[in-house]
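Heads up: the structure comes next, in structure tokens.
What's counted below: heavy atoms across the whole structure, side chains too, no hydrogens, waters or symmetry copies.
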Amino acid sequence: MKASWPKDARSRLMLTLQLAVILPAAVLVILSARHLEEIHRDRSVEAAMQLDFRQALAIYEKQLNYKANDLINEIRDQFPAPGLPCIVTLDKILTSHPYIAHLILFEPHQGLILRSQPYRLKNDSGFRDENEHWERMTEPWLKLEYEGMIKKLAKLEETSTPFQFEYEWVPHGDKHLYEPVALFLKRGDDNDDPAIAGIVFDGEYLRDQFFPQALNAVMSRNIAEKTTEKDAVLMVRPKGDSTPIAYCNGWDGGEAEAELPMEGAFPGLVLGMKLRGTTVAAISRRFMHTSILTLGGLSFLLAGGIFLTYRNVSKEMALARLKSDFVSNVSHELRTPLSLIRLYAETLELGRLTSPDKRQEYYAIIRKESERLTALINNILDFSRIEAGRKEYDFRETDLCELVRNTLESYRYQIEQHGFTLEERIGEVPPLRIDREAIARSLVNLVNNALKYSYDRKYIGVNLYGQNGTVKLEVIDHGIGIALQEQEKIFEKFYRVGDPLVHNTKGSGLGLSLVQHIARAHGGRVQVESTPGAGSKFTIILPVADSQNGGKAASA
């Protein structure tokens, strides 16, 4: 089957777009693939571009928590129950586990038992500062929170991690150390209230041994498993302070590329990660420089295709936006008369009006709003027929003077309701062969525009007269006017003037387009004279000679 060039304008546009863009893009894909192969040979660049830092940090944090929980579980099993010789047992635990600074046991009847590393209490004044801090703050805190904490710890016992972690920045000489505490329940053999036990990590041990060793081990393990970048490095810092308290080998300063607030065993700390000796931004810049050189030549190919489709695509996009505005505005225009019709009809239906004159007024309003709704729907239907090439006009010999008077009379109520003054000057003109409904709709559209875009000076003038073998129908207002550069555009479908006052007024954007189409179908034209702020005059000019020829229906 022989292929043929599409006849539909939209299909031709899309095919042109495909040929202009897809072909150069195919060349771009091929060359980019070869460029990516070069990048793939360098594992560090490839990994740096593909590494998801946050996902890696979440894995590292879990591994650090596992290590801390193993140390705590080892001591938890040795912890004495309430009522037993606690002090001796606690001191033995401290002696055999030097990474623990303090042990806590609190029971409401016995009070607080706090034991610290004995040898450090004797020889380290900074450690004594720690001991005094924990003694001073722990007992009042546990007394106040005992009931709630017992319930929380009891729930945690049912999980795989039965600890509640808290932390303190404790004084140690002239500085402060980060010391987390793991709290858990310790029950006795009798039915007494359970005790709250606590294990406090030594701050210096965490800073100097645990974190550096754990971070190095985590990185080594993940590099061996090829789940992270060999040049990545980790650090741990406090929340609210960018200075690390510990880091793995190779940390060269600077800020982390990605960070994750730690939970579990080390609340109050942030785990950070970066690349050693470089940054992701630097890698991105190098990649961009290479890519720009590679793709620069291809830009000329794409520019040609873009130039071919720019105007058509721009028009399609603008039309799509205008159609979207059209749907919104028409919806508003439809809702207004429908709401009024429903309101007055419900009032009449409920029998709330006793005055016959008032009822007659409501009937008149319903009829007028129905006519307004019909006019709007007819505009939309006419536009649809015009777009489809199916609009037909039925030309009949018509007294245009009578048609104008009747149209204005049916519209007079709405004009007066808006507070406008209507001035008519209808002269004698010869009968014309016209489509009565189309000309009447043109007049209504022009009057409706005058109503919408006149604010302070509410005046509408309608003139009908003959001149030089033509009949002229004028609609004059004292509204906001139209700028000279937009006077030709206002007859385009969906077009609305850029004045903010216009956009605050709802409309379909079809009225003037239909007026122009109707005038041209009658062999005439529409012209506009307008000055911003002084008003506008729209004139429908119909030729007398052309209108007197023919009498059959004409297709648009």
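- Counting only heavy atoms from C-beta outward, the side chains of Val88 and Asp91 never approach each other to under 4.5 Å.
- Leu94 approaches Ala101 most closely through the heavy-atom pair CD2-O, 4.1 Å.
- Phe211 has its ring centre less than 6.0 Å from the ring centre of Phe266.
- The closest donor-acceptor contact from the side chain of Thr159 to the backbone of Thr161 lies under 3.5 Å.
- The side chain to side chain donor-acceptor pair (under 3.5 Å) test with Glu179 singles out one residue from Tyr167, Trp134, Trp169, Tyr205, and that residue is Trp134.
- Pairing each heavy atom of Leu57 with each of Gly272, the nearest pair is CD2-C, 4.1 Å.
- The nearest pair of heavy atoms linking Gly264 to Pro267 is O-CD, 3.4 Å.
- A distance of 11.0 Å separates CG of Leu90 from CD of Gln78, quoted to the nearest 0.5 Å.
- Proximity of Met235 to Leu215: side-chain heavy atoms (C-beta onward) are nowhere separated by under 4.5 Å.
- At least one donor-acceptor pair closer than 3.5 Å links the side chain of Lys186 to the backbone N or O of Phe79.
- Between the side chains of Glu168 and His176, not a single donor N or O lies within less than 3.5 Å of an accepting N or O.
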*Start with the C-alpha gap between Tyr178 and Arg207, add the side-chain angles, then the distance that decides, and say whether side chain to side chain contact (heavy atoms under 4.5 Å, CB included) holds.*
CA-CA 8 Å; Tyr178 172 79; Arg207 181 192 64 194; over 6 Å; no
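- Counting heavy atoms of neighbouring residues, nucleotides and ligands inside a 6.0 Å radius, atom OH of Tyr119 exceeds 12 of them.
- Within the 4.5 Å cutoff, side-chain heavy atoms of Glu130 are placed close to those of Phe127.
- Distance check: Met219 CE to Cys248 SG gives 6.0 Å after rounding to the nearest 0.5 Å.
- Considering all non-hydrogen atoms of both residues, Glu204 and His172 come closest at OE2-NE2, 3.3 Å.
- Judged purely by distance below 3.5 Å, without hydrogens or angles, the side chains of Gln164 and Glu166 pair a donor atom with an acceptor atom.
- Interatomic distance, Leu156 CG to Leu185 CG, rounded to the nearest 0.5 Å: 8.5 Å.
- A side-chain donor-acceptor contact under 3.5 Å links Asn216 to the backbone of Asn249.
- The structure places CG of Asp70 at 11.5 Å from CD1 of Ile75, a figure rounded to the nearest 0.5 Å.
- Shown here is Lys62, whose NZ atom has no more than 12 heavy atoms of other residues, nucleotides or ligands within 6.0 Å.
- A 6.0 Å sphere centred on CD of Glu255 holds no more than 12 heavy atoms belonging to other residues, nucleotides or ligands.
- Closest of all the heavy-atom pairs between Glu61 and Pro261 is OE2-O, 4.2 Å.
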*Please test Leu269 against Ile245 for side chain to side chain contact (heavy atoms under 4.5 Å, CB included), starting from the C-alpha separation and ending with a verdict.*
CA-CA 9 Å; Leu269 296 182; Ile245 62 172; 3.9 Å; yes
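- Contact annotation: the side chain of Tyr247 never approaches that of Leu234 to less than 4.5 Å [non-hydrogen atoms, C-beta and beyond].
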*Show your working on side chain to side chain contact (heavy atoms under 4.5 Å, CB included) between Leu153 and Ile196 and close with a plain yes or no.*
CA-CA 9 Å; Leu153 293 175; Ile196 298 176; 4.2 Å; yes
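- Stacking of Lys274 on the aromatic ring of Trp251 is recorded, both the 6.0 Å distance cut-off and the 45° axial limit being met.
- Here the side chains of Arg237 and Glu259 are in contact, with some heavy-atom distance below 4.5 Å.
- Between Ala265 and Pro180, the shortest heavy-atom contact is O-CB, 3.6 Å.
- Atom-to-atom distance recorded for Leu350:CG and Glu346:CD is 7.0 Å, nearest 0.5 angstrom.
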_Working for side chain to side chain contact (heavy atoms under 4.5 Å, CB included), residues Glu107 and Gln110_ = CA-CA 5 Å; Glu107 197 272 327; Gln110 297 182 1; 3.6 Å; yes
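- Considering CZ of Arg136 and CG of Asn131, their distance stands at 10.5 Å, rounded to 0.5 Å.
- Side-chain contact between Val181 and Ile199: absent, with no pair of heavy atoms (C-beta onward) separated by less than 4.5 Å.
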_One pair to check against salt bridge (charged side-chain N to carboxylate O under 4.0 Å, His left out): Glu139 and Lys143. What are the steps and the verdict?_
CA-CA 6 Å; Glu139 186 165 14; Lys143 281 182 179 180; 3.8 Å; yes
*Start with the C-alpha distance between Lys151 and Glu147, add both sets of side-chain angles, then the distance that settles salt bridge (charged side-chain N to carboxylate O under 4.0 Å, His left out), and finish with yes or no.*
CA-CA 7 Å; Lys151 295 178 181 178; Glu147 294 295 336; 6.0 Å; no
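- Between Phe201 and His97, the gap from one ring centroid to the other reaches at least 6.0 Å.
- Taking 4.5 Å as the limit, every side-chain heavy atom of Gln117 sits out of range of all side-chain heavy atoms of Asp202.
- Looking only at side-chain heavy atoms (C-beta outward), Ile104 and Ile113 stay at 4.5 Å or farther from each other.
- Checked by atom type and distance alone, the side chain of Ser96 pairs as donor or acceptor with a backbone atom of Ile93 at under 3.5 Å.
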